[in-house]
Trainee: 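Pasting a structure here, questions to come.
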Amino acid sequence: MKLLRVGAPGQERPAVRTDEGRLLDLRSVTLDIDGAFLASGGVDRARVAVEAGELPELDPEGLRIGAPLARPGKIVCVGLNYRDHAAETGLPIPPRPVVFMKDPGTVVGPYDEVLIPRGSVKTDWEVELAVVIGQRARYLDGPQAARDVIAGYAISHDVSEREFQLEYSPQWDLGKSCETFNPLGPWLVTADEAGDPQNLGLHLSVNGVKRQDGHTSDMIFPVDHIVSYLSQYMVLEPGDVINTGTPAGVALGLPGTPFLRPGDTVELSVDGLGSQRQTFAQA
C-alpha cells in the first residue's frame, strides 16, 4: 500500500494511492500519518477500508504532495554505507555503521523548493532509501526482529552542505540540518509492497545529467542490520526515519565538484517508491 499526505504545508491530509493511481481520502481512518497511526495498527485499518470501498476519492488536480509522514521524532542517518561512495570519498570501508542525526525539521515534501543556505558554496545531493519504523524497538535480536518493526520505505533526499559538514565541526550535523534539507516521499510504501530492500535501484540527475545510479545490493550494512544495530544504542519509536546512505556520484566526489547553485533542478527516484523533483533557491 502507498500512503501519502496531500495539501498545503501544515494542512496536509492523509490519503492512499491505489494501484490504478487513484487518490483516496483516509481521514475517516486517521487524522494524519504519524507514529501513533503506525503503532496502533493504522496500516491494517487503512487496508481494510480500501478493500471495503469505504474511502471517497480525491481530485489530485492542483494538490501538493507533502512528506508522507508527519514530522518524525528523529532522523537517524548512516554515512559511507555504499562501497562505491566510500571509494569515491577516499575513505576506508567502515567496520561499523557511521551514525549521525539530522534535524527532523528538515523534512519537506518531495516537490518542494529546497533552500541553499546563506554562505553556502558546497551544497550537495544524496539519493537514499529511507526506512520508517512502525513499532517501538529496543535491543532487537537479529535481522527478523528488525524486519518486524519496519512499517515501510520512502525516498529520502539527504541534502548536505559539505563545508559546514566537514570543515566547520568534527560532527556532521551542521551540514545536514539546514532548513528544507530532507525532502521525503512521495509515498510511504508499506514493507509488504516494497519487497526486498536490498534489491532496489537508486537514481539521481541534476539539470538532466545523470549523477547517481546505484543499487541497494551495494550497501555495506543492509537494512535489517542497521535497524538491529541502532536499537542496541537508542530506542527507535514509531514514525522515526532512518536514512540508509547514498551510492557514488555526489558532487563531492566528481571532477570539478559541481555543487548545487540557485536554479538547479534535481530529480531522483528509487525503484517502486516513486520519484522526487526539487528546484534549488537561495535562502
Trainee: Using a distance-only test with no angle check, is there a side-chain donor-acceptor pair under 3.5 angstrom linking T18 and E20?
Mentor: yes

Trainee: Is there a donor-acceptor contact under 3.5 Å from the side chain of W125 to the main chain of G249?
Mentor: yes

Trainee: Is the Y229 ring parallel, tilted or perpendicular to the Y233 ring (thresholds 30°, 60°)?
Mentor: tilted

Trainee: Quick one, N182 with N243, criterion side-chain hydrogen bond (donor to acceptor under 3.5 Å, both in side chains). Give me CA distance, side-chain angles, the key distance, then yes/no.
Mentor: CA-CA 10 Å; N182 205 137; N243 287 340; 3.1 Å; yes

Trainee: Verify the neighbour count for atom CG of D141: are there more than 12 heavy atoms of other residues, nucleotides or ligands below 6.0 Å?
Mentor: no

Trainee: Would W172 and L166 count as a side chain to side chain contact (heavy atoms under 4.5 Å, CB included) here? Give the steps.
Mentor: CA-CA 7 Å; W172 291 0; L166 302 173; 3.9 Å; yes

Trainee: Among side-chain atoms of S217 and N199, is any donor-acceptor pair under 3.5 angstrom?
Mentor: no

Trainee: Using modelled atom types and a 3.5 Å cut-off, is there a donor and acceptor pairing between side-chain atoms of T123 and backbone atoms of I116?
Mentor: no

Trainee: So, the side chain of E267 versus the backbone of G208: is there a donor-acceptor pair under 3.5 Å, distance only?
Mentor: no

Trainee: Roughly how far, to the nearest 0.5 Å, is the CG atom of N81 from the CD1 atom of I220?
Mentor: 5.5 Å

Trainee: Verify the cluster assignment for V241 and L268: are they in a single hydrophobic cluster under the rule of side-chain heavy atoms below 4.5 Å apart?
Mentor: no

Trainee: Looking at D112 and R64, does any basic side-chain N land under 4.0 Å from a carboxylate oxygen?
Mentor: yes

Trainee: Mind listing the closest non-hydrogen atom pair of S120 and E161 along with its distance?
Mentor: OG-OE2, 2.8 Å

Trainee: Do you know which of Q165, K122, K176 makes side chain to side chain donor-acceptor pair (under 3.5 Å) with S160?
Mentor: K176

Trainee: According to a 4.5 Å side-chain heavy-atom criterion applied to Ile, Leu, Val, Met, Phe, Trp and Tyr, with indirect links allowed, do V132 and L184 form part of one hydrophobic cluster?
Mentor: yes

Trainee: Side-chain contact, heavy-atom cut-off 4.5 Å: V29 with R45?
Mentor: yes

Trainee: With a 4.5 Å cut-off on side-chain heavy atoms, are Q276 and Q278 touching?
Mentor: yes

Trainee: Please report the closest heavy-atom contact between A67 and V108, naming both atoms and the distance.
Mentor: CB-O, 3.7 Å

Trainee: Just by modelled atom types, is the L202 backbone N or O under 3.5 Å from a matching donor or acceptor in the Q212 side chain?
Mentor: no

Trainee: Is it true that V270 and Y111 fall in one hydrophobic cluster, defined by side-chain heavy atoms closer than 4.5 Å?
Mentor: yes

Trainee: Is D192 close to R47 at the side-chain level, that is, under 4.5 Å between some pair of heavy atoms?
Mentor: yes

Trainee: Show the nearest heavy-atom pair for residues D224 and P143, with the distance to one decimal.
Mentor: OD2-CB, 3.4 Å

Trainee: I would like to know whether H203 and V127 meet side chain to side chain contact (heavy atoms under 4.5 Å, CB included); could you show each step before the answer?
Mentor: CA-CA 7 Å; H203 318 280; V127 59; over 6 Å; no

Trainee: Any side-chain heavy-atom pair from D213 and L204 closer than 4.5 angstrom?
Mentor: no

Trainee: Is a donor on one side and an acceptor on the other found under 3.5 Å between the side chain of H157 and the backbone of V159?
Mentor: no

Trainee: Check the hydrophobic clustering (I, L, V, M, F, W, Y; side-chain heavy atoms under 4.5 Å; chains of links allowed) and say if I226 and I133 are grouped together.
Mentor: yes

Trainee: Nearest 0.5 Å please: distance from the CD atom of E126 over to the CZ atom of R211.
Mentor: 15.0 Å

Trainee: Measure the shortest side-chain to side-chain distance between L260 and D124 over non-hydrogen atoms and say whether it is less than 4.5 angstrom.
Mentor: no

Trainee: Flag the pair R261 and D264 as a salt bridge only when some basic side-chain nitrogen lies within less than 4.0 angstrom of an acidic carboxylate oxygen.
Mentor: no

Trainee: Would you say the side chain of R277 lies within less than 4.5 Å of the side chain of T279, judging by non-hydrogen atoms?
Mentor: yes

Trainee: Closest approach of F164 and C178, non-hydrogen atoms and distance?
Mentor: CD1-SG, 4.0 Å

Trainee: Between the side chain of R138 and the main-chain N/O of S231, is any donor-acceptor distance below 3.5 Å?
Mentor: no

Trainee: Within this structure, what is the CZ-CG distance for the pair R136 and D240, rounded to the nearest 0.5 Å?
Mentor: 10.5 Å

Trainee: Do E193 and R17 meet the salt-bridge criterion of a basic N to acidic O distance under 4.0 Å?
Mentor: no

Trainee: Measuring from atom CZ of F37 to atom CG of L188, what distance do you get when rounded to the nearest 0.5 angstrom?
Mentor: 8.5 Å

Trainee: Can you find a heavy atom in the side chain of D158 that is under 4.5 Å from one in the side chain of K102?
Mentor: yes

Trainee: Ignoring hydrogens and geometry, is there a side-chain-to-backbone donor-acceptor pair from Q282 to P262 under 3.5 Å?
Mentor: no

Trainee: Decide yes or no for V266 and F280: does some side-chain heavy atom of the first lie under 4.5 Å from some side-chain heavy atom of the second?
Mentor: yes

Trainee: State whether the side chain of T244 and the backbone N or O of A130 hold a donor-acceptor pair below 3.5 Å, judged by distance alone.
Mentor: no

Trainee: Testing the basics here: between P186 and I155, what is the closest heavy-atom pair and its distance to 0.1 Å?
Mentor: CD-CD1, 4.3 Å

Trainee: Taking Q198 for its side chain and V223 for its backbone only, find out whether a donor-acceptor pair lies under 3.5 Å.
Mentor: yes

Trainee: Supply the atom-to-atom distance L273 CG to K2 NZ, rounded to the nearest 0.5 angstrom.
Mentor: 8.5 Å

Trainee: Look up atom CZ in R147 and atom CG in L140, then write down how far apart they are to the nearest 0.5 Å.
Mentor: 11.5 Å

Trainee: Give me the atom names and distance for the closest heavy-atom approach of I150 to A191.
Mentor: O-CB, 3.9 Å

Trainee: Report yes or no: does D32 contribute a side-chain atom to a donor-acceptor pair with the main-chain N or O of D34 at less than 3.5 Å?
Mentor: no

Trainee: Would you say CG of L31 has more than 12 non-hydrogen atoms from neighbouring residues, nucleotides or ligands within 6.0 angstrom?
Mentor: no

